[in-house]
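For this chain, numbers begin at 1 and follow the sequence in order. Note that the structure is predicted; figures quoted are calculated from it, not measured.
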Amino acid sequence: METDGSLEQVDSLKSAYEGAAATGFDVFTHAFDEVAAHPGVRARQLGLEGVSETCRRCPVVRSCGGGLYTHRYDSAGPGEGFDNPSVYCHDLAALVRGIEACTPADDVAPAVAGPGELLAAQEDLTRTLLARLHAELDGRGGERWAAAWELAAALDGSAQGSHGLDHVLAHPYTRTWLLDALDALHEDRPGAASDAADSLPARLAAATVRAGLDRWVPVPYRDGGLVLPTLGRLAVGGAGEHGTARVRAVEGGFLVGRDGGGRAERRIAWPAPAAPGWLPVRGYALPGAPSGFVIDDLDPYRDCFGATAAATPDATRAARLAAALTEAWALIEERAPEYGARSVDGPLTLTPLTGPAPGEPAVGRHGYGALGIGADENAGTLALALLRGVRRARFRALVDVTDLYAADGSWEHRMPWGEELVPFSRLLAGTYERLALASFDPRYRDGVPQALDTLEGAAELTVGGKRLLALMRKEF
């Protein structure tokens, strides 16, 4: 606002040319909304759309923003008026790259390079969601939630109890439950608070059993069945029956009794095979691998993949699927050992689905380490599904806890093996997945070098994303 009442654009524009800052507006006859709609004002609010085509293609544009608007003016350049790179373009690029080169490695997304760091970051995320659920319940969970929360704190406060709690919190479907519980509260679903209060005790009971702690944990059950996540499902009553059971760890397993039921406590051996009324989560070891895989077709929150979770198979069918999966891992170990079971960050949770195409695994709304797979018993098909799925799961886990890119969707990039234009996130995820497939089957190498070059020159990459890209180049 000038002393004569005229309204102008930013003062720095006056150094571009005579009258560059003028709008033709004044405080006597114009509203500020009219000034805000002036083309010169709007041009500086357009973000990437307001910079030159040269700048939009530049990898550092997110940092420099095209430079000061005034410095883009050129009366005789290829662009019209301000539609040019900054006169200080080369200096800005050198500054941005210099700062990036001086950024300490330990400040750049440690989860990208270290599997242990990724697992720790994922566990922190789950714990944060649990704390958030507690805060948002704000007493609405009643005595049941208060008692469960007190037990969770006690478990977390001891080395033995914390080990069991960590294992249960790391289970992928614990995240599914937390997200669903938070959504239910935000949407004011009927019974949201009581459902949350009913669900936590089962997880704490499983943690207590895993820790071997000698204390009773009350756990609500429904439809006559008690599900202890990561452990298994136990029949404690008739169909349609609801109530509260009590669980306590003992040597070699745990005891289960019913409150007010008048029945004797039942001892369940764990880990052990199935028994009448008891179906454990099936776990399988893999030769030479630090961890194997589990087939979880019991967890009530496993139906989170888009495709429907398959019904629990009988023992014979489950054994056939496990044998095919073991054979598939052996096939991967033979052709691409660097992507075999030994490379998996932790135990892999597999849930059979109905509907997905063979070889197309599903990664759903859950924590790290779960895959939905079609119940196919062909080892070759399962090998491809495992390779795809493990990479998809790891990429998703990385995106959960670190920024690999920014301004996704501002540009489109060509997918070399599909000849289609896609946002950056899809190209990065597809290339990351294809690297593993290429190690197993050389036909998937086509287009990978071009994709890596496109990613490297893209403006969306963050410093963490560049670190991941460097690791991808080493893989190739």
Go through the side-chain N and O atoms of [X] and [Y] and say whether any donor and acceptor fall under 3.5 Å apart.
X	Y	value
Y432	R394	yes
T230	R210	yes
Y221	E241	yes

Could you give the distance from [atom1] ([X]) to [atom2] ([Y]), rounded to the nearest 0.5 Å?
X	Y	atom1	atom2	result
L279	T312	CG	OG1	6.5 Å
T431	L452	OG1	CG	6.0 Å
Q122	E117	CD	CD	12.5 Å
E265	R258	CD	CZ	12.5 Å
L371	L386	CG	CG	7.0 Å
L185	D138	CG	CG	10.5 Å

With heavy-atom distances below 4.5 Å as the criterion, would you say the side chains of [X] and [Y] are in contact?
X	Y	answer
D453	Q450	no
M415	R426	yes
V401	L118	yes
L255	V247	no
W270	L228	no
L231	V281	no
W145	L200	yes
D299	H171	yes

Look at atom [atom1] of [X] and say whether more than 12 heavy atoms of other residues, nucleotides or ligands are closer to it than 6.0 Å.
X	atom1	answer
R222	CZ	no
R140	CZ	yes
R267	CZ	yes
E187	CD	yes
E123	CD	yes
H163	NE2	no

Applying side chain to side chain contact (heavy atoms under 4.5 Å, CB included) to I99 and L95, what does each step give before you reach the verdict? CA-CA 6 Å; I99 293 173; L95 176 64; 4.0 Å; yes
With R365 as partner, the option from D303, D183, D400 fulfilling salt bridge (Lys or Arg N to Asp or Glu O under 4.0 Å) is D183
Closest heavy-atom pair and its distance - [X], [Y]:
X	Y	answer
A459	V61	CB-CG1, 3.8 Å
A336	S439	CB-OG, 3.4 Å
S425	D408	OG-OD2, 2.7 Å
L331	G380	CD2-CA, 3.9 Å
E338	S343	O-CB, 3.2 Å
Y368	A397	CD1-CB, 3.6 Å

Using 4.0 Å as the upper bound for N to carboxylate O, is an ion pair formed by [Y] and [X]?
X	Y	answer
R414	E420	no
R282	D296	no
E475	R391	yes
R233	D297	no

Determine whether a donor-acceptor pair (N or O, by modelled atom type, separation under 3.5 Å) exists between the side chain of [X] and the backbone of [Y].
X	Y	answer
T208	L213	no
T128	D124	yes
R392	E433	no
H134	W149	no
D441	Y444	no
S410	A407	yes
Q160	A211	yes

Checklist entry - With P220, which of D195, D198, L226 fulfils side-chain contact (heavy atoms from CB on, under 4.5 Å)? => result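 Answer after filtering D195, D198, L226: D198.
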Establish, for the pair [X] and [Y], whether the NZ or CZ atom is under 6.0 angstrom from the six-membered ring centre and no further than 45 degrees off its axis.
X	Y	value
R335	F440	yes
R203	W177	yes
R445	F476	yes
R302	Y173	no

Taking the six-membered ring for Trp and the single ring otherwise, decide whether the centroids of W411 and Y405 are under 6.0 Å apart. no
* **Distance flag, aromatic centroids of F305 and H366, threshold under 6.0 Å** => yes
- Intermediate values then yes/no, side chain to side chain contact (heavy atoms under 4.5 Å, CB included), L353 and T351: CA-CA 6 Å; L353 306 178; T351 293; 4.3 Å; yes
Can L461 and F424 be said to form a side chain to side chain contact (heavy atoms under 4.5 Å, CB included), step by step?
CA-CA 9 Å; L461 268 183; F424 181 86; 3.5 Å; yes
Output, in order, the C-alpha distance, side-chain angles, deciding distance and verdict of salt bridge (charged side-chain N to carboxylate O under 4.0 Å, His left out) for E456 and R473.
-> CA-CA 10 Å; E456 189 165 6; R473 283 199 178 277; 2.7 Å; yes
E136 meets the side chain to side chain donor-acceptor pair (under 3.5 Å) criterion, sequence neighbours left out, with R132, H186
Hits for side-chain contact (heavy atoms from CB on, under 4.5 Å) against T126, two or more places apart or cross-chain, chain-then-number order -> L169, T174, R175, L178
Exercise for the section: Decide yes or no on side chain to side chain contact (heavy atoms under 4.5 Å, CB included) for L165 and L204, but give the supporting numbers first. Expected result: CA-CA 7 Å; L165 184 61; L204 299 180; 3.9 Å; yes
